[in-house]
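Please read the structure below before turning to the comments.
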Amino acid sequence: MTDTVRVRFAPSPTGHLHIGGARTAIYNWAFARHHGGSFVLRIDDTDKERSTEENTQAILRALRWLGLDWDEGPDAGGAYGPYHQTQRGGLYAEALETLKSNRRAYPCFCTPETLDAKREAARAAGGFSGYDRTCRSIDPADANARIDAGEPHVWRVKVPADRGDIVLDDAIRGTVTFPSSAMDDFVLVRTDGSPTYMFATVVDDWKMDITHIIRGDDHLSNTPRQVVVFEALGATVPTFGHMGLIFGADGKRLSKRHGATSVEAYRDMGFLPEALLNYLALLGWSLDETNVFDRATLVERFELSRVSKNPAVWNPGKLEWMNGVYLREMTAEEFLDRILPWLYEAGLLTAADATARRAWLLELAPLVSERIKSLDEVVGMVSFLFTDELVIEESAREKVLAKEGAGRALEAVAAVLADVEMTPAAVEDALRDIPDRLELKPKLVFQATRVAVTGSTVSPPLFESIVLLGRDAALARIAATQPLATP
RNA sequence: GGCCCGUUCGUCUAGCGGCCUAGGACACCGCCCUCUCAAGGCGGAGGCACGGGUUCGAACCCCGUACGGGCUACCA
């Protein structure tokens, strides 16, 4: 046994990393780092039908993207390997032998059909509907004979008759008591010899010297069962901590119908890993009244006693707000490096262009970073700067260019732009004169110019946009714009 | 049905017997700023599930009820 903290995250590679799983990983990671312990990654791939290597890699990728690191795992190795359950069969077999020899497990020959029937009957009668322990009283010699004769059987754990209440000192929920009278002699090893999840996970946590099991509270009711196995194995029972689950807005467990649920989906929608991490950390844990904090603060301040017991509803709106906060806090350099991949992807520019025009891009960056909530909005906001054939939005044309005076305004703007110094301040000074001169509202002049230059009624600030676009392009666009009304 | 857990503004939460006329954040509404959109500033509306106790005093402790959730598989 070790006295240092060892925690694990054990995903099933049957799909991508779910945001609920990600939060569990984050809490375990933060707990380990806070205590200077070890964070172990184990792949619970006993479901051979649905587990894939692609999923495993995708999960590792998502965890790394979030900025989590682990001390032991399938790729990192470690003294407690292997880290795939499918490679640990020998350990489960060994553990079963232990339980056979100390008589804490027994073979059960009941067929699924009889069990179903009994369960139905018990439930109809009300009360406990667990296994009735028929096979527990079979004489060991008879049982062995039946096994030797090839009779199909499973192995069940024997819950001691005198065990009494199983009392859990949960690190998140406090004391939870389970009467052992409601405890089932559940299956450890299936007819085909494979371990059930309940058995494999206990053997692994035991063999890996896991000290704290931090997981969703959907496992709370399973915990006394697992405690019984730890005890039967003669293992030290780890400390448990059960957190509330993440729900959708309808109060149901988060699933596909609530929209995006995988970490990588959020990455692809333009969310920053630090923002997702922050939001997830805050969903069911609180520092005090601080909402925005960095990774180091999370590690420094994380404690299980401040993890919430109640379920939390996933709130995409707050995630977006938080992503915006992180986006706005970035320097132009940082922000530019984040958006470049999106610009490449959209075909707006090449890596060579980006290098050549870096100074120009750095001028653009702060104009955009203040206006978006996620990276995927960048392309739509800046594409007008990268096209040779601007298409003016029809609604903008109707709403602005059809206004009385729009044509005169554009002519005046063009005249002024022809020889103004190309800095935002100079352009602004020059254009500010026009409304008075033409007796038009400033808003009309500026909006008409905006539509002509950017193609939309919504854009980054006008004067900066004109400067970034350049005199020639701006003048060409204004000249090409046909107002709908007579001047 | 049985066992277990949970319940503070719409949402995430602070609160751990007097500091609470219940604080913060998102969202919402209004005003300000303003070349659009944002961002920002100021202000507003909005909550202790219900009923009993215990106590001088309860959002906080106890007991019920209601509602929600989990488990009750040879799923994980």
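If you're wondering where the values come from, they're calculated on a predicted model, not measured in any experiment. The chains referred to below are lettered A, B, ... by the order of the sequence lines, with proteins before strands, and numbering in each begins at 1.
Among all heavy-atom pairs drawn from Phe384(A) and Leu469(A), the shortest one is O-CD2, 4.4 Å. In terms of heavy-atom proximity, Ala275(A) sits nearest to Leu319(A) at O-CD2, 4.3 Å. Closest heavy-atom contact between Ile166(A) and Pro224(A): CD1-O, 3.8 Å.
Applying the salt bridge (Lys or Arg N to Asp or Glu O under 4.0 Å) criterion to Arg133(A), with sequence neighbours excluded, gives Asp185(A). Not a single salt bridge (Lys or Arg N to Asp or Glu O under 4.0 Å) links Lys309(A) to another residue, sequence neighbours left out. In this view, Arg338(A) and Glu274(A) satisfy the salt bridge (Lys or Arg N to Asp or Glu O under 4.0 Å) rule, not counting sequence neighbours. When the side-chain contact (heavy atoms from CB on, under 4.5 Å) test is applied to Thr24(A), the partners found at least two apart in sequence or on another chain are Phe9(A), Asn28(A), Met243(A).
Without hydrogens or angle criteria, Thr290(A) side chain to Val292(A) main chain gives no donor-acceptor distance under 3.5 Å.
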| task | Using a 4.0 Å cut-off on protein heavy atoms (strictly under), produce a 5'-to-3' string for nucleotides 2-10 of chain B with B for base contact, S for backbone-only sugar-phosphate contact, and - for none. | result | SSSSSSS--
| message | Within the 4.0 Å limit for protein heavy atoms, which parts of nucleotides 30-39 of chain B are touched? Write it as a string from 5' to 3', B for base, S for sugar-phosphate only, - for none. | response | -----BBBBS
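Atom CG of Leu287(A) is separated from atom P of G15(B) by 11 Å (rounded to the nearest Å). Going from atom CH2 of Trp155(A) over to atom C1' of C74(B) covers 15 Å, rounded to whole Å. Taking atom CZ of residue Phe199(A) and atom P of nucleotide A76(B), one finds them 13 Å apart after rounding to whole Å. Atom C1' of nucleotide U11(B) and atom CH2 of Trp314(A) are separated by 13 Å, given to the nearest angstrom. Across the protein-nucleic acid pair, Tyr279(A) atom OH and U11(B) atom P stand 12 Å apart, rounded to whole Å. Taking atom CD on Glu289(A) and atom C1' on A22(B), their separation rounds to 12 Å, with Å as the unit. As rounded to whole Å, 15 Å separates atom C1' of C74(B) from atom CG of Asp185(A). With rounding to whole Å, Lys318(A) atom NZ is found 9 Å from A25(B) atom P.
Results of the side chain to side chain donor-acceptor pair (under 3.5 Å) test with His242(A) over Asn222(A), Asp218(A), Asp170(A) single out Asp170(A) as the only residue that passes.
Side-chain N/O atoms of Asp45(A) and base N/O atoms of A76(B) include no donor-acceptor pair closer than 3.5 Å. A donor-acceptor contact under 3.5 angstrom links the side-chain atoms of Thr191(A) to the base of C74(B).
Here CZ of Phe186(A) is found 7.0 Å from CD of Gln226(A). Values are rounded to the nearest 0.5 Å.
In this structure, Arg8(A) does not pair ionically with Asp204(A), as no charged nitrogen and carboxylate oxygen lie closer than 4.0 Å. Of the charged side-chain nitrogens involved, none lies within less than 4.0 Å of a carboxylate oxygen, so that Asp116(A) and Lys118(A) do not count as a salt-bridged pair. For Glu97(A) and Lys100(A), the salt-bridge test passes: some basic side-chain N is under 4.0 Å from an acidic carboxylate O. Using a cut-off of 4.0 Å between Lys/Arg side-chain N and Asp/Glu carboxylate O, Glu394(A) and Arg397(A) are scored as salt-bridged. One finds a salt bridge joining Arg50(A) and Asp47(A) here, because a Lys/Arg side-chain nitrogen approaches an Asp/Glu carboxylate oxygen to under 4.0 Å.
Note on Arg215(A): nothing from the nucleic acid sits closer than 4.0 angstrom, heavy atoms only. Using a 4.0 Å heavy-atom cutoff across all strands shown, Asn222(A) reaches at least one base atom of the nucleic acid. Among the atoms of the strands shown, none is found under 4.0 Å from any heavy atom of Thr454(A). Residue Gly317(A) is classed as a sugar-phosphate contact, given heavy-atom separations below 4.0 Å to backbone atoms only. The residue Val187(A) sits close only to the backbone: its heavy atoms come under 4.0 Å of sugar-phosphate atoms, none of a base. Across all strands shown, Met322(A) has no heavy atoms under 4.0 Å from either base or sugar-phosphate atoms. Counting non-hydrogen atoms under 4.0 angstrom, Gly244(A) reaches nothing in the nucleic acid.
Listed nucleotides C74(B), G24(B), A76(B) differ in distance to Asn291(A); the shortest reach to its side chain belongs to G24(B).
With a cut-off of 3.5 Å on both Watson-Crick or G-U wobble distances, the partner of G68(B) is given as C5(B). Checking C37(B) for Watson-Crick or G-U wobble geometry (two distances, each under 3.5 Å) identifies no partner in any strand. Within the shown strands, nothing qualifies as a pairing partner of A59(B) under the Watson-Crick or G-U definition with both distances less than 3.5 Å. If you check U21(B) for Watson-Crick or wobble pairing at under 3.5 angstrom, you find it has no partner at all. If you check C26(B) for Watson-Crick or wobble pairing at under 3.5 angstrom, you find it paired to G10(B).
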Nucleotide N/O of nucleotides 62-67 of chain B paired with protein N/O under 3.5 Å:
none

Polar pairs (N or O, both sides) under 3.5 Å between protein and nucleotides 41-48 of chain B?
none

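Only Ser12(A), listed by number, bring a heavy atom of residues 12-27 of chain A to less than 4.0 angstrom from any atom of RNA chain B. Contacts between residues 223-231 of chain A and RNA chain B, defined by a heavy-atom separation below 4.0 Å, involve Arg225(A), listed by number.
Residues Tyr326(A) and Phe335(A) keep their aromatic ring centres 6.0 Å or farther apart.
Within the structure, every pair that satisfies the side-chain hydrogen bond (donor to acceptor under 3.5 Å, both in side chains) test and touches residues 369-384 of chain A, not counting sequence neighbours, is listed here: Ser374(A)-Asp376(A), Ser374(A)-Glu377(A). Screening residues 300-323 of chain A for ring pair (Phe, Tyr, Trp, His ring centres under 6.0 Å), with sequence neighbours left out, gives Tyr27(A)-Phe302(A), Tyr266(A)-Trp314(A), Tyr279(A)-Trp314(A), Trp285(A)-Phe302(A).
Judged by closest nucleotide on RNA chain B, Trp321(A) is the one of Trp321(A) and Pro195(A) placed further toward the 5' end.
Remark: ring of His219(A) not stacked against base of G70(B); the cut-offs of centroid gap under 5.5 Å and plane tilt under 30° are not jointly satisfied.
A cation-pi geometry, defined here as NZ or CZ lying under 6.0 Å from the six-membered ring centre and within 45° of its normal, holds between Arg156(A) and Tyr131(A).
Inspection of the Arg88(A) and Gln85(A) side chains reveals no N or O donor paired with an N or O acceptor under 3.5 Å. Side-chain contact annotation: Arg119(A) with Thr114(A), donor-acceptor N/O pair under 3.5 Å absent.
Using a 4.0 Å cut-off, no side-chain N or O of Thr196(A) falls inside it from OP1 or OP2 of A73(B).
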